[in-house]
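So the structure is just underneath, and the comments pick up after that.
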Amino acid sequence: MSTPAEEFRQVAGRFAEVVDAVPEGAWDAPAPVEGWVARDVVRHLVGWFPPFLAGGAGIELPAGPSVDDDPAQAWRVLQDGVQALLDDPAYADRTLSNPHIGEVPVPQAVAQFFTADVFMHTWDLARATGQPARLDPARCAEMLAGMEPIEGLLRGSGQYGPRVAVPDDADAETRLVGFIGRDPAWTRSVG
């Protein structure tokens with residue numbers, strides 16, 4: 001079993017690979033999330049997590065540049081800040097308090113909410129920018145197994161679109177992507 005720090009290092013590292021490989025001019029390409037472009041995937045991650053952490057645990061992460069100015073560097077600053085937090089033993093026993101989730105140890109909150117979100121949005125950014133997502137199949141299967149029993153709660157949160165049907169024999173990545181409301185056949189339109 002890996003630690004929250006190790007999980008984040010792996011998942012965020014893969015997301016950073018996708019960020020670093022975004023082709024010239026592709027930051028404004030449409031993304032699989034309706035109304036989003038590629039840079040909005042980074043904007044979402046950079047936008048929601050720091051206030052969530054500050055409000056629930058009083059932890060301020062370093063601020064990077066605007067996603068409009070430099071989405072890659074905005075991601076890198078957030079990634080480095082979260083990794084430093086998870087690597088610091090001083091935060092191991094800190095608690096995050098939130099009216100929706102209760103009291104959760106900070107490392108667990110990062111793993112459960114942020115690392116999982118980064119993992120799923122890797123698919124969005126990769127598809128938006130014409131790259132292979134290459135999500136870890138075991139993690140896809142594990143996340144799907146954990147999410148399916150609470151599907152009603154997840155759909156009711158407004159964070160997930162309607163489930164997209166996939167073939168019964170689809171691979172784990174395709175099943176997860178369909179579950180979270182993405183069309184696994186979505187591809188970047190060029191031109």
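- With sequence neighbours left out, the salt bridge (charged side-chain N to carboxylate O under 4.0 Å, His left out) criterion links D169 to no other residue.
- By the 4.5 Å heavy-atom criterion applied to side chains, Q131 and V22 are counted as neighbours.
- In this structure the side chain of F49 reaches within 4.5 angstrom of the side chain of V82, judged on heavy atoms.
- For C140 against L135, the heavy-atom pair with the smallest separation is SG-CB, 3.6 Å.
- Looking only at side-chain heavy atoms (C-beta outward), P65 and V77 come within less than 4.5 Å of each other.
- Of all heavy-atom pairs spanning P62 and G81, the tightest one is CD-CA, 4.1 Å.
- With sequence neighbours excluded, the residues satisfying side chain to side chain contact (heavy atoms under 4.5 Å, CB included) with R94 are I59, Y91, V106.
- With respect to R134 and E173, no salt bridge is recorded, no charged nitrogen being found less than 4.0 Å from a carboxylate O.
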- side-chain contact (heavy atoms from CB on, under 4.5 Å) evaluation trace for V19 with Q79: CA-CA 12 Å; V19 165; Q79 177 186 1; over 6 Å; no

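- Among residues two or more places apart in sequence or in another chain, the salt bridge (charged side-chain N to carboxylate O under 4.0 Å, His left out) test is passed with D87 by R9.
- Not counting sequence neighbours, E60 has no partner by the salt bridge (charged side-chain N to carboxylate O under 4.0 Å, His left out) test.
- More than 12 heavy-atom neighbours from other residues, nucleotides or ligands sit within 6.0 angstrom of CG on D20.
- Considering every non-hydrogen atom in both A133 and W123, the closest pair reads CB-CD1, 3.5 Å.
- No side-chain heavy atom of F8 sits less than 4.5 Å from a side-chain heavy atom of T3.
- Closest approach of L45 and L78 over heavy atoms only: O-CD2, 3.6 Å.
- If you chain together hydrophobic residues whose side chains sit under 4.5 Å apart, F113 and I180 fall into the same group.
- Using modelled atom types and a 3.5 Å distance limit, the side chains of R76 and Q73 yield no donor-acceptor pair.
- Distance check: D40 CG to D28 CG gives 8.5 Å after rounding to the nearest 0.5 Å.
- Side-chain heavy atoms closer than 4.5 Å link hydrophobic residues (I, L, V, M, F, W, Y) into clusters, and following such links, even through other members, never connects V37 to V42.
- The side chain to side chain contact (heavy atoms under 4.5 Å, CB included) search around P184 returns V164, V166, T174, V177, not counting sequence neighbours.
- Within the 4.5 Å cutoff, side-chain heavy atoms of Y160 are placed close to those of M120.
- Once rounded to the nearest 0.5 Å, the distance linking CG of L86 with CD of Q83 reads 6.0 Å.
- When side chains are defined from C-beta on, L176 counts as touching F119, because their heavy atoms get closer than 4.5 Å.
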- Query: Between E148 and R175, is a salt bridge (charged side-chain N to carboxylate O under 4.0 Å, His left out) present by the stated rule, with each step listed?
  - Reply: CA-CA 11 Å; E148 284 184 318; R175 291 193 321 273; over 6 Å; no

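- Side-chain contact check for L61 versus L53: some heavy-atom pair is nearer than 4.5 Å.
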- Task: Mind running side-chain contact (heavy atoms from CB on, under 4.5 Å) on V110 and T115 for me, showing each step along the way?
- Result: CA-CA 6 Å; V110 173; T115 303; 4.0 Å; yes

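- With hydrogens and angles disregarded, no donor-acceptor distance shorter than 3.5 Å links the side chain of D88 to the backbone of L85.
- Ring geometry for F15 versus W75: interplanar angle over 60°, hence perpendicular rather than tilted (30 to 60°).
- Distance check: M143 CE to F179 CZ gives 10.0 Å after rounding to the nearest 0.5 Å.
- Taking all atoms of both residues into account, the shortest heavy-atom contact from V67 to R39 is O-NH1, 2.9 Å.
- The closest side-chain donor-acceptor pair between E103 and S97 falls under 3.5 angstrom.
- The CG atom of L153 sits 10.5 Å away from the CE atom of M147 when rounded to the nearest 0.5 Å.
- Note on residues 111-128: pairs passing salt bridge (charged side-chain N to carboxylate O under 4.0 Å, His left out), not counting sequence neighbours, are D124-R182.
- For the atom pair NE2 (H121) and CZ (F114), the distance works out to 9.5 Å, reported to the nearest 0.5 Å.
- Here the closest non-hydrogen pair linking T129 and A38 is CG2-CB, 3.8 Å.
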